[in-house]
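Everything quoted here is computed from the prediction, not taken from an experiment. Lettering follows sequence order; numbering is per chain, from 1.
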Number of protein chains: 2
Amino acid sequence: MAGRAAVPEVIWARPERTGRGPKPAFTRADIAAAAVRIADAEGLEAVSMRHVAAELGCGTMSLYNYVPRKEDLYELMIDSVGAEHEIFEPTGDWRADMLRNAEETRAIMRRHTWVPRLMSGVYGFSPNTLRYLEHCLACLEPLDVPAGTKTELIALVNGVVTTYTANDIATVERTRSMPWSEEEENAVRMAYLGSQVATGAYPRLAAAFMEQSGPVDLEAVFRRALERVLDAYDPELR
Amino acid sequence: MAGRAAVPEVIWARPERTGRGPKPAFTRADIAAAAVRIADAEGLEAVSMRHVAAELGCGTMSLYNYVPRKEDLYELMIDSVGAEHEIFEPTGDWRADMLRNAEETRAIMRRHTWVPRLMSGVYGFSPNTLRYLEHCLACLEPLDVPAGTKTELIALVNGVVTTYTANDIATVERTRSMPWSEEEENAVRMAYLGSQVATGAYPRLAAAFMEQSGPVDLEAVFRRALERVLDAYDPELR
DNA sequence: AGCGCACTACGTACGCTGTACGTAACTAGG
DNA sequence: CCTAGTTACGTACAGCGTACGTAGTGCGCT
């Protein structure tokens with residue numbers, strides 16, 4: 001019966017099952033896993049209600065018993081990969097710990113290249129997100145600043161990781177399901193960039209491109225940016 | 001005739017018009033402006049080829065003469081709002097200038113709330129993006145570090161602006177076209193968050209939430225984060 | 001014990017999407 | 001002037017999210 005609710009709803013506040021009626025055939029985790037599997041293998045645009053239902057082996061509309069709107073499926077997916085974060089024992093060195101957390105986030109995003117695109121549209125207080133936030137706060141215990149500053153630091157680190165990794169990944173995700181390769185796409189884009197810089201309209205940009213010799217080490221760039229951010233919050237450096 | 005190309009293509013490398021045949025009825029700017037108007041007024045999901053074509057007063061398929069794929073329309077939109085960046089004369093104070101640039105980016109995103117969501121999927125070497133990049137490099141002229149470090153600083157600032165502003169905006173964009181208000185959605189989410197924190201599963205998170213009294217000043221948080229990032233690149237502070 | 005209700009399951013249908021393809025009109029270059 | 005390359009756009013198709021209705025299931029209450 002029902003009809004969808006006319007009131008906002010957080011999927012995590014919904015109980016997973018309610019007792020009356022037939023036992024649900026799937027858990028939320030099952031559904032999230034299926035969606036993640038599809039997104040990993042065929043790209044985010046392949047994640048449709050029909051496709052996920054087929055992967056689970058049930059009718060399309062049955063999915064709506066578990067997930068009121070597609071957006072909630074996305075939230076499930078984000079939470080699902082959040083579980084991949086290792087909650088380790090803080091070492092007492094908050095910089096090293098946060099660096100480790102950041103590298104792990106980056107690794108997760110590399111494994112699941114659709115994550116950055118979903119992150120900018122999702123609210124982000126899923127269970128695993130909260131768990132990770134709590135873990136970061138534990139890592140920052142030795143840092144002697146107000147709690148508010150700590151959460152700001154965490155947000156900043158996550159932001160940097162997301163932006164940098166999203167850029168690395170963008171081409172991969174875009175060329176998926178295109179009839180040409182990532183290398184071809186990159187070559188065409190670089191050729192265009194070169195032609196623009198060559199017009200002389202962007203002298204400083206041109207100089208910057210001339211300066212760099214050889215390919216960029218994305219990993220090194222990423223780590224440098226992160227170190228800078230941590231520097232900015234390190235009392236011992238001020 | 002045609003049939004779409006089986007080779008990657010940068011829309012900016014396409015000439016706007018080619019000489020033979022009837023004069024194109026629209027410029028790329030016209031199309032971008034129409035799409036931006038729709039996205040601003042009705043949200044990003046209302047930007048469809050049909051809708052944009054209607055806004056321009058032409059048939060749906062005519063649009064494909066100008067924009068080979070919808071993704072390219074997105075690229076046009078990003079470039080279009082990039083034109084809103086004021087290219088001012090650098091003052092000689094790189095920190096102040098970059099702060100101004102960042103505030104402007106934030107303002108643009110607030111005017112066009114769909115920008116952050118598009119940014120994580122778009123490559124980003126459009127004419128106006130290049131123009132802005134060049135402008136930032138001009139602002140950083142007084143800063144005595146290698147050009148590579150400067151571009152890293154710019155990337156970091158843009159990343160921070162995007163992440164922070166995206167979070168502020170997420171709810172607004174989500175509740176558009178929903179039968180409930182932004183305040184209602186926020187209330188429901190906050191209630192859920194409170195209930196989770198109250199379980200005691202996240203003690204440090206709970207403490208952080210207790211510490212803050214009164215509503216958060218998002219603008220102040222944003223500015224603080226930015227200052228930290230600039231600190232991290234300021235030679236006078238190391 | 002058994003009734004009723006809350007729940008699961010899912011087929012059908014609607015309005016929307018991106019876009020492939022074919023045809024007609026137009027105009028600059030040879 | 002002719003023709004080749006372009007613009008314009010109607011039609012069509014596969015796929016999307018999801019509203020709605022119906023059938024079946026089993027817990028909780030009387």
Side-chain angles (χ1 to χ4, degrees), chain A residues 1-6 9 11 14-28 30-31 35 38-39 42-77 121 174 176-179, chain B residues 1-6 9 11 14-28 30-31 35 38-39 42-77 121 174 176-179:
Chain A
M1 185 95 32
R4 234 53 65 201
E9 201 176 358
I11 187 158
R14 269 196 170 202
E16 266 223 60
R17 45 160 307 183
T18 44
R20 203 85 72 102
K23 306 219 151 140
F26 317 105
T27 65
R28 233 169 244 169
D30 291 336
I31 295 170
I38 292 171
E42 303 171 53
L44 185 57
E45 70 285 351
V47 177
S48 71
M49 296 303 269
R50 276 170 241 263
H51 203 140
V52 172
E55 174 87 13
L56 288 165
C58 72
T60 306
M61 291 317 288
S62 307
L63 249 186
Y64 281 90
N65 285 320
Y66 304 87
V67 176
R69 299 182 314 264
K70 189 179 182 190
E71 189 203 288
D72 293 305
L73 181 60
Y74 287 149
E75 208 141 348
L76 253 50
M77 291 170 72
R174 195 191 4 261
R176 190 203 297 274
S177 86
M178 288 293 176
Chain B
M1 188 101 23
R4 235 52 66 199
E9 200 176 0
I11 187 157
R14 268 197 170 203
E16 268 225 58
R17 46 161 307 185
T18 44
R20 202 82 74 99
K23 305 218 152 141
F26 317 104
T27 65
R28 232 169 246 171
D30 292 334
I31 296 170
I38 293 171
E42 304 171 55
L44 185 57
E45 71 286 350
V47 177
S48 71
M49 297 301 268
R50 277 170 241 264
H51 203 141
V52 173
E55 174 86 12
L56 287 166
C58 73
T60 306
M61 292 317 288
S62 309
L63 251 186
Y64 281 89
N65 285 319
Y66 303 86
V67 176
R69 299 181 315 264
K70 190 179 183 190
E71 187 204 289
D72 294 304
L73 181 60
Y74 288 149
E75 208 140 350
L76 253 50
M77 292 171 72
R174 197 193 1 263
R176 190 202 298 275
S177 87
M178 289 293 177

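Atom NZ in B/Lys23 sits about 12 Å away from atom C1' in C/dC26, given to the nearest Å. Rounded to whole angstrom, the span from the CD atom of B/Glu71 across to the P atom of C/dT17 amounts to 19 Å. Protein atom CG of A/Asp30 is 12 Å distant from nucleotide atom P of C/dA9, rounded to whole Å. For the pair A/Asn65 CG and C/dC10 C1', the computed distance is 9 Å after rounding to whole Å. A straight line from CZ of A/Arg69 to C1' of D/dA19 spans 15 Å, rounded to a whole angstrom.
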Carefully, step by step, assess B/Leu63 and B/Phe26 under the rule side-chain contact (heavy atoms from CB on, under 4.5 Å).
CA-CA 9 Å; B/Leu63 251 186; B/Phe26 317 104; over 6 Å; no
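Regarding contacts with the backbone of C/dC10, a side-chain N or O of A/Ser62 is found under 4.0 angstrom from either OP1 or OP2.
One finds the CG atom of B/Leu73 at 8.0 Å from the CD1 atom of B/Ile11 (value rounded to the nearest 0.5 Å).
Counting non-hydrogen atoms under 4.0 angstrom, A/Ala25 reaches the backbone sugars and phosphates but no base. Contact annotation for A/Tyr66: backbone-only contact, meaning every heavy-atom pair under 4.0 Å involves sugar-phosphate atoms and none involves a base.
Within the structure, salt bridge (Lys or Arg N to Asp or Glu O under 4.0 Å) contacts touching residues 56-66 of chain B (residues at least two apart or in different chains) do not occur.
Closest of all the heavy-atom pairs between B/Arg28 and B/Arg14 is NH2-O, 2.9 Å. Here the closest heavy-atom approach between residue A/Ala39 and residue A/Val47 is recorded as CB-CG2, 3.6 Å.
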For nucleotides 3-5 of chain D, give me every protein contact, N/O to N/O, under 3.5 Å, one pair per line with atom names.
residue	atom	partner	partner atom	Å
D/dA4	N3	B/Arg20	NH1	3.3

All N/O pairs under 3.5 Å across the protein-nucleotides 10-16 of chain D interface:
residue	atom	partner	partner atom	Å
D/dC16	OP1	A/Ser48	OG	2.9

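The main-chain N or O of A/Thr27 is never found under 3.5 Å from a side-chain atom of A/Glu16 such that the two would form a donor-acceptor pair.
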May I have the list of side-chain donor-acceptor pairs in residues 48-60 of chain B shorter than 3.5 Å, sequence neighbours left out?
residue	atom	partner	partner atom	Å
B/Ser48	OG	B/His51	N	3.1
B/His51	ND1	B/Ala46	O	3.2
B/His51	NE2	B/Glu42	OE2	3.3
B/Glu55	OE2	B/Arg37	NH1	2.3

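Every residue two or more places apart in sequence or in another chain was checked for a side-chain hydrogen bond (donor to acceptor under 3.5 Å, both in side chains) with B/Asn65, and none qualifies. With sequence neighbours left out, B/Glu71 forms a side-chain contact (heavy atoms from CB on, under 4.5 Å) with A/Arg174, A/Met178, A/Arg189, B/Arg69, B/Glu75. Judged as a side-chain contact (heavy atoms from CB on, under 4.5 Å), and not counting sequence neighbours, the contacts of B/Pro24 are B/Arg17, B/Tyr66.
An angle of 10°, rounded to 10°, separates the two end axes of the helix from C/dA1-D/dT30 to C/dG30-D/dC1, each defined over five pairs.
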